[in-house]
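Quick note: residue numbers are just sequence positions, from 1.
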Amino acid sequence: MIKAITVTNFLGESLRLELMRPEQSGFIVKEITGLGPAKANVNTTEVSTNDGALFNSSRLNNRNPVLKLQFLQTTTESIEDIRQKSYKYFPIKKKLTLVIETDNRIGETVGYVETNEPDIFSENEGCQISIVCPDPFLYSAGANGLNTTVFYGVAPAFKFPFCNRSLTEKLIKIGTIENQTENVITYDGDSEIGITIIIHAIGEASNITIYNTGTRERMHISTDKLKTLTGSGIVESDEITICTVRGEKSVTLLREGKTTNILNCLTKGDNWFSLAKGDNIFAYTAETGSANLQFRIINKIIYEGV
């Protein structure tokens with residue numbers, strides 16, 4: 001069941017529409033379409049000598065959520081105020097973010113307002129808002145929107161609310177030290193998604209290789225190329241970020257507060273990793289200084305619909 005929708009406009013201002021408590025926002029959510037899986041185009045070729053057709057390719061179209069809202073007068077806002085508030089939070093052709101909360105998942109999508117059509121002369125005044133989202137998928141959001149897997153480093157373990165049940169034993173954990181070069185990421189999304197790999201150096205290291213042991217894909221960072229590009233190999237306090245998310249692929253180095261594009265430090269034939277549904281096993285090695293690398297992987301979850 002859908003519980004609430006939060007819209008954030010291009011200025012960063014947010015409005016939360018709770019379906020069961022419309023008096024808080026002034027909007028009654030009468031209907032929402034376009035929150036299920038987006039429509040796919042399936043391309044086929046007919047063959048004159050065979051029945052049916054041959055499959056060529058398929059692709060997903062844009063997502064197009066449409067909200068039908070009714071204005072509700074509150075103690076502080078009139079119907080006219082509510083109508084004009086809809087222009088503020090759903091501005092035509094501007095970018096906005098929609099977060100849809102259900103009982104068991106929170107999905108986020110980014111889109112642009114196509115139309116905002118108010119029915120001004122109706123007895124029950126409201127509006128219909130159409131939003132075009134170029135990305136057909138929804139992405140995990142909220143407190144559990146990002147999944148972080150720590151291989152080597154400190155994994156946070158302190159949570160609120162907390163309780164110290166002993167005055168003599170140390171029961172509260174601030175963090176746990178992880179020390180492994182291989183780990184499993186369990187992914188439960190509806191489609192494959194890229195990852196963000198963060199490598200923080202606490203000392204010198206050279207020639208890092210990252211593996212997806214299940215698919216046998218690999219990615220190699222050459223410190224010889226890095227030295228040619230920046231003047232030195234991997235040194236203390238360096239932080240390398242590898243993003244394999246579709247449309248955001250990049251490899252950058254953060255050194256002394258300056259970010260440098262080091263995409264050319266990858267070797268020929270390297271693969272851009274993605275997570276498939278189920279267990280994904282990743283590992284990393286370094287020619288020297290493997291113990292000087294703090295390694296973690298961050299990922300979101302893709303949903304086809306809520």
Side-chain angles (χ1 to χ4, degrees), residues 1-19 29 32-41 58-67 89-91 93-114 129-150 156 183-198 212 215 241-252 271-280 282 296-306:
M1 176 179 175
I2 298 176
K3 297 166 57 178
I5 294 176
T6 301
V7 56
T8 303
N9 64 16
F10 69 102
L11 297 174
E13 301 166 321
S14 296
L15 175 67
R16 179 179 168 86
L17 309 177
E18 288 196 42
L19 272 66
V29 181
I32 311 173
T33 60
L35 297 184
K39 182 181 178 181
N41 285 337
S58 60
R59 61 179 297 276
L60 287 176
N61 291 323
N62 298 336
R63 179 177 294 276
N64 182 207
V66 177
L67 285 70
Y89 289 100
F90 298 93
K93 77 177 184 179
K94 298 292 186 179
K95 182 179 179 180
L96 56 76
T97 301
L98 281 180
V99 177
I100 301 96
E101 300 176 34
T102 69
D103 290 333
N104 58 5
R105 65 174 50 170
I106 301 177
E108 180 182 70
T109 184
V110 175
Y112 299 83
V113 179
E114 181 181 32
I129 299 167
S130 175
I131 303 168
V132 176
C133 304
D135 193 327
F137 296 108
L138 297 171
Y139 294 84
S140 57
N144 299 318
L146 284 177
N147 176 49
T148 301
T149 304
V150 177
N183 212 335
V184 179
I185 301 174
T186 302
Y187 179 67
D188 196 31
D190 298 330
S191 184
E192 292 187 355
I193 190 173
I195 58 177
T196 300
I197 303 170
I198 300 177
N212 182 334
T215 62
T241 302
I242 303 170
C243 181
T244 69
V245 178
R246 180 171 55 90
E248 303 176 17
K249 293 179 179 179
S250 63
V251 184
T252 59
N271 308 105
W272 295 95
F273 299 126
S274 61
L275 297 180
K277 193 176 184 69
D279 291 340
N280 300 262
F282 286 88
R296 67 184 188 274
I297 292 178
I298 300 173
N299 70 278
K300 284 191 171 187
I301 301 173
I302 277 184
Y303 305 124
E304 290 187 353
V306 296

Is any side-chain heavy atom of [Y] closer than 4.5 Å to one of [X]?
X    : Y    : result
S130 : N64  : yes
F10  : L96  : no
K277 : D188 : yes
T8   : V99  : no
N147 : I301 : no

Original post:
Any Lys/Arg nitrogen of E101 or R16 sitting under 4.0 Å from an Asp/Glu carboxylate oxygen of the other?
Top reply: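 A salt bridge is present here (some side-chain N lies under 4.0 Å from a carboxylate O).
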**OP:** Identify the two heavy atoms, one from Y89 and one from V7, that lie closest to each other, and give their separation to 0.1 Å.
**Re:** O-CG2, 3.6 Å
Original post:
Which heavy-atom pair separates E304 from D190 by the least distance, and what is that distance?
Top reply: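 Shortest heavy-atom contact: N-OD2, 2.9 Å.
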Subject >> Chi angles and distances behind the side-chain contact (heavy atoms from CB on, under 4.5 Å) call for I5, L98 >> reply: CA-CA 7 Å; I5 294 176; L98 281 180; 3.9 Å; yes
Original post:
Would you say K3 has more than 12 foreign heavy atoms packed within less than 6.0 Å of its NZ?
Top reply: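 Result for NZ/K3: open.
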Subject >> Side-chain H-bond candidate by donor/acceptor type, N41 with N61, under 3.5 Å >> reply: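 Yes, a side-chain donor-acceptor pair sits under 3.5 Å.
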Subject >> side-chain contact (heavy atoms from CB on, under 4.5 Å) evaluation trace for F137 with K300 >> reply: CA-CA 12 Å; F137 296 108; K300 284 191 171 187; over 6 Å; no
Would you say the side-chain atoms of [X] pair up with the backbone N or O of [Y], donor to acceptor, closer than 3.5 Å?
X    : Y    : answer
T196 : C243 : no
R105 : S140 : no
N271 : F273 : no

**OP:** Any chance you could lay out the side-chain contact (heavy atoms from CB on, under 4.5 Å) test for I302 and Y139, step after step, and finish with the verdict?
**Re:** CA-CA 5 Å; I302 277 184; Y139 294 84; 3.4 Å; yes
